Number of protein chains: 2
Amino acid sequence: MRKACENPPKPTVERLPIYRRALEILLDEGCEYTSSCELAELAGVTASRLRKDLSFFGRFGTAGMGYPVRELLDAVNSILGTDRLRDVLLVGMGNLGRAIANHAPLRKCGFRIAAAVDVSPAKVGRVICGVRCYPPSETARLVREGGIEFALLTVPPGAAREAAERLAEAGIKAILNFTPVHLRLPRSVVVEEVDFGILLQKVAFAVTQGGGENA
Amino acid sequence: MRKACENPPKPTVERLPIYRRALEILLDEGCEYTSSCELAELAGVTASRLRKDLSFFGRFGTAGMGYPVRELLDAVNSILGTDRLRDVLLVGMGNLGRAIANHAPLRKCGFRIAAAVDVSPAKVGRVICGVRCYPPSETARLVREGGIEFALLTVPPGAAREAAERLAEAGIKAILNFTPVHLRLPRSVVVEEVDFGILLQKVAFAVTQGGGENA
DNA sequence: CACTCCTCGTTACTTTTTTCACAAGAATGA
DNA sequence: TCATTCTTGTGAAAAAAGTAACGAGGAGTG
């Protein structure tokens, strides 16, 4: 039922995790089948957009019946690559790093903090929030031997660029960048920026200009 | 120099904070003037897109010269509503809440954690990470008396919906939702979702499918 | 078995967003 | 002063994304 994935639009891909979350809710409730209407409602999109999004990846439903929840969830997981638990490297065991290490919902999304890296000698060697802490010099070894593809960058702004370059050299595939620093890395490394300040500015505009139009 | 803001595209608005960040870097470096090429390079967009984005809000540059950094930054701040320090309410003083309370860069973006709310009696009344902690019952008073418009929702998933509704009733204007729960609130409240799991899934797709195309 | 109802997947259409290319305008130097 | 050289701002074309409508095809019913 999987298509050869004829280059789906970027917004479509960004909605897949939202569908996934909705499907998990339905599964928890014991629903075996759902409709595009119901699922779209849960995900906060229109039914036709949901159907079109899914159609980029294959045919998952049966006319008149809807979608089998379990199967569709498996399919979405397979598309996203979250069908197995993936190891993540935490770079920077500060406040934010610890918060993420303790962030339970990550596990439900298919990710596990496999190890952490920090410059502080007080942290290296210890297990903090359930995660063992290594010195930065171990980065490459951890990535290679652990087969780690993803990193969370939660170091102070001043250390961001160096840490990112170290990760890139180690062969990391993707970085979730929580620092307010624009990283300049080879295109082979996927970088996703998560800047709380930028997000707040975005809603600040919506509030001041729009006078309260929702997204 | 400000236009009447003829409904700028949403993507344009989302890029403004990025331009803002680039402008601050230039200002720190002591640059008085910059060009659309230089600024676009720093922001990671094309020069024509930058110029078009700015054109939605007015005319800020002079042909042959470029843009005056200080003035353009002031203008962007004015557009975004970050020209003055804005108070933010932190809801949920857990690991993530504390991390954000300590997150220095927020201040540079024009935001200040004015107060926190938490259910735990052990936290209420204390000052944690420089922020005074109040019980949830005080939410409405804090929002009203402090003139607070923005809230950061960092409570456990199970408490998210109730806390969000309390905020909406208190008259909050916007919520940055760090919980993996889809909030259903009146359209008058701007909600921005920040779900680490969803972000990881997004890059997971990019890595597995794209084989490494950057965003 | 025939009929109706329901829901998917797809196609055509509309809107939004991006890209490209160029005219207008300001500074510089002879 | 005048030509030259930049660089902006903008309008048109192209691309991307979203919306709506429709046909196809099972499921349930009598």
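Heavy atoms only: backbone and side chains are in, while hydrogens, waters and symmetry mates are out. It should be emphasised that the depicted structure is a prediction, and the values quoted were computed from it without experimental measurement. First the proteins, then the strands, lettered A, B, ... as listed; each starts at 1.
- The side-chain hydrogen bond (donor to acceptor under 3.5 Å, both in side chains) contacts involving residues 146-160 of chain A comprise A:Arg86-A:Glu149, A:Glu149-A:Lys173, where partners must be two or more places apart or lie in separate chains.
- Salt bridge B:Arg166/B:Glu162: present, at least one basic N to carboxylate O contact under 4.0 Å.
- Spacing between atom CZ of A:Phe56 and atom C1' of C:dC8 amounts to 16 Å, rounded to whole angstrom units.
- Shown for residues 32-42 of chain B: no residue has heavy atoms falling under 4.0 angstrom of DNA chain C.
- Take B:Arg51 and apply the salt bridge (charged side-chain N to carboxylate O under 4.0 Å, His left out) test, not counting sequence neighbours, and it matches no residue.
- Look at CG on A:Leu72: it is 11 Å from P on C:dC8, rounded to the nearest Å.
- With contacts defined as side-chain heavy-atom distances shorter than 4.5 Å, the pair A:Pro11/A:Glu14 does not qualify.
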Original post:
Could you run down nucleotides 17-30 of chain D 5' to 3' and tag each one B, S or - for protein heavy-atom contact under 4.0 Å?
Top reply: SBBBB---B-S---
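- Scored by the side-chain contact (heavy atoms from CB on, under 4.5 Å) test, A:Pro68 finds A:Tyr33, A:Glu71 as partners (sequence neighbours excluded).
- A salt bridge links A:Arg184 with B:Glu41: the distance from a Lys NZ or Arg NE/NH1/NH2 to an Asp or Glu carboxylate oxygen falls below 4.0 Å.
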Going by atom type alone, with no hydrogens or angles, which donor-acceptor pairs under 3.5 Å involve a side-chain atom of residues 92-102 of chain B and a protein atom two or more places apart or on another chain?
from    : atom 1 : to      : atom 2 : distance (Å)
B:Arg98 : NH1    : B:Met93 : O      : 3.2

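- Atom P of nucleotide D:dT8 and atom CZ of B:Phe57 are separated by 18 Å, given to the nearest angstrom.
- A salt bridge links A:Arg70 with A:Asp74: the closest approach of a Lys/Arg side-chain nitrogen to an acidic carboxylate oxygen falls below 4.0 angstrom.
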